[in-house]
Amino acid sequence: MGSGESENERIRELKDFDSTKLGVKGLVDEGIQSVPNIFIRPPEELSQELNCKRHPSSGFQIPVIDLESGRREEIVSQILGTSSEWGFFQVVNHGIPAGLLDGVMEGTRLFHEGDGETKKELYSRDTRKQVNFCSNYDLYKSRAANWRDTLTVNNLFDGHLDPNDIPSICRDVALEYTRHMKKLGDMLLELLSLALGLNPNYLKLKTECTRGWSLVCHYYPACPGPELTLGASSHSDPSFFTLLLQDQIGGLQVLYQNQWVNVQPVPGALVVNIGDILQMISNGKLRSVDHRVLANCIGPRISVALFFTGLISSAKFQNNWVLVGIKFEEPKTVLEFCSGPGDGRLADHCSTEETRRTKTNPVAEQVFAMLQREKNCKLQRKKSIITVIFKALILMAHDKSFSHDSKPYDEEEEQELQFQMTENKEKGEDTNAMDRSIALTLEKNHRGISFALHLETPPTICLCQSFRTHTAKAEP
Ligand SMILES: O=C(O)CCC(=O)C(=O)O
Ligand SMILES: [Fe+2]
């Protein structure tokens, strides 16, 4: 079979799988005895894997932090140490009732093992829908599908989540779980702020990141050929940070010193991992580390992740964040970050030697000048200005000089980082709101970070949310 033909065959298989709307669990229920081709990892990846141990027996262990032990300073220092070294830690004595942890796992199991019709109705590839069920959000983009199904509940817009959209079988427990976890999230944000040498309320007030969240309930069915596929491919989380509850089966691995290290299940513990945004705004002091989940023949494995992403909401605009340079390569960092005139505290704490030296940023100044001049211009014009700004940001990330009159970027870079511009959907009394704020998504590697640009005085670029955008496009 020629490569064109085999590609067509693959797309047909993907579509067949997708159209069942029952995910991997549906395949298993049908009694399949081997792993279908669409799930099999590329040969070079598999052979690489065989060269290193799939189940590492190294002595490495992700730190487990007891939140009720000893002095706060000690806990803060442990969190700083592990967040900068591993990007991961586990917490015990976190205050979430054991019954609630069991309840949310059971709710997840009941949903995934429950009524097929409910699953079909919720099946969608639109990751921004408030509630959706899906197998492999990146099905048509990834090289191999993962052995996993997922129910997602999104609370990304202020007060927009209608509890009735959550499947009744897990509705109450999901809501109670997120209420409790938000409190824990806020407590961890205090510790993370202290770890960065900031006022304990700093990250909570500046990012409001625990107000917007995605609850992601994974189900990894038992797999007939676990060595051929993965439960979740290697990725870093596009969140501020993530709180994860896993069952006792195991399979989650973290990349540490170029080795995959198991995140050993600890009864009652929650896994905390730093996401891309916290890595960026801390200029890499806190690390967002790649992790993955192995497929397993003794499943199902269940895990529940809560991504704190921040709200998409005008409340963010009051923060006056100005983000003037980001870097997507490892280590992902913000080259320059400040939060409005006279308040560059986070930048002061986290900026690199280089950004500290060049306190004012020529690109930022040009951007501000442009925005000030164009404050009352039409939406179309604003969009083109924003495009220029983002090209500037990328250029900064690539360390090139930028002039708004010259041709500021090369086409290849533009292709690599695709722009998607969306008008801010926010509705309200104020009919001008849409004209005054524009959301924009910067996408790389099928993941996106979205920013909102507010054209009031002072003009601000706000980091709104980071999310996987790969589902928005490329569905054949
Ligand atoms: O299931 C797990 O243990 C991890 C899931 C995960 O990494 C994610 O949802 O981003
Ligand atoms: Fe993850």
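Bear in mind the structure is a predicted one, so any value in this text is a computation, not a measurement. Hydrogens, waters and symmetry mates play no part in the numbers below; they use all other heavy atoms, side chains included. Order of appearance sets the numbers: ligands from 1, and atoms from 1 within every ligand.
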Assess, by modelled atom type and distance only, whether the side chains of Tyr220 and Asp149 contain a donor and an acceptor separated by less than 3.5 Å.
no

Would Gln246 count as being in polar contact with ligand 1, using the rule that some N or O on each side must be under 3.5 angstrom apart?
no

Under 4.0 Å between heavy atoms, the region of Leu244 that gets near ligand 1 turns out to be side chain

For Phe39 together with Phe17, are the ring centres under 6.0 Å from each other?
yes

Could you tell me which non-hydrogen atom of Leu161 sits nearest to which non-hydrogen atom of Asn154, and how far apart they are?
CD1-O, 3.6 Å

Between ligand 1 and Arg301, can you find any atom pair, the residue atom being a heavy atom, that is separated by under 4.0 Å?
yes

Give a yes/no on ligand 1: does His291 have at least one heavy atom closer than 4.0 angstrom to it?
yes

Compute whether any side-chain donor of one residue and acceptor of the other, for Thr20 and Tyr123, lie under 3.5 angstrom apart.
no

Using a 4.5 Å cut-off on heavy atoms from C-beta on, say whether the side chain of Gln78 contacts that of Val76.
no

Considering only heavy atoms of Asp237, which atoms of ligand 1 have at least one such atom less than 4.0 Å away?
10 (O)

In ligand 1, which numbered atoms sit nearer than 4.0 Å to a non-hydrogen atom of His218?
1 (O), 5 (C), 8 (C), 9 (O)

Could you list which atoms of ligand 1 come closer than 4.0 Å to a heavy atom of His235?
6 (C), 7 (O), 8 (C), 10 (O)

Part of Val263 with heavy atoms under 4.0 Å of ligand 1, whether side chain, backbone, both or neither:
neither

Give the name of the N/O/S atom in Asp237 that lies closest to the Fe ion (ligand 2).
OD1

Taking atom types as modelled and ignoring hydrogens, do the side chains of His218 and Ser303 form a donor-acceptor contact shorter than 3.5 angstrom?
no

Step through it carefully: locate the ring centre of Trp86, locate the ring centre of Tyr256, and say whether they are under 6.0 Å apart.
yes

Run the numbers for me: atoms of ligand 1, each under 4.0 Å from some heavy atom of Val293, listed by number.
1 (O), 2 (C), 3 (O), 4 (C)

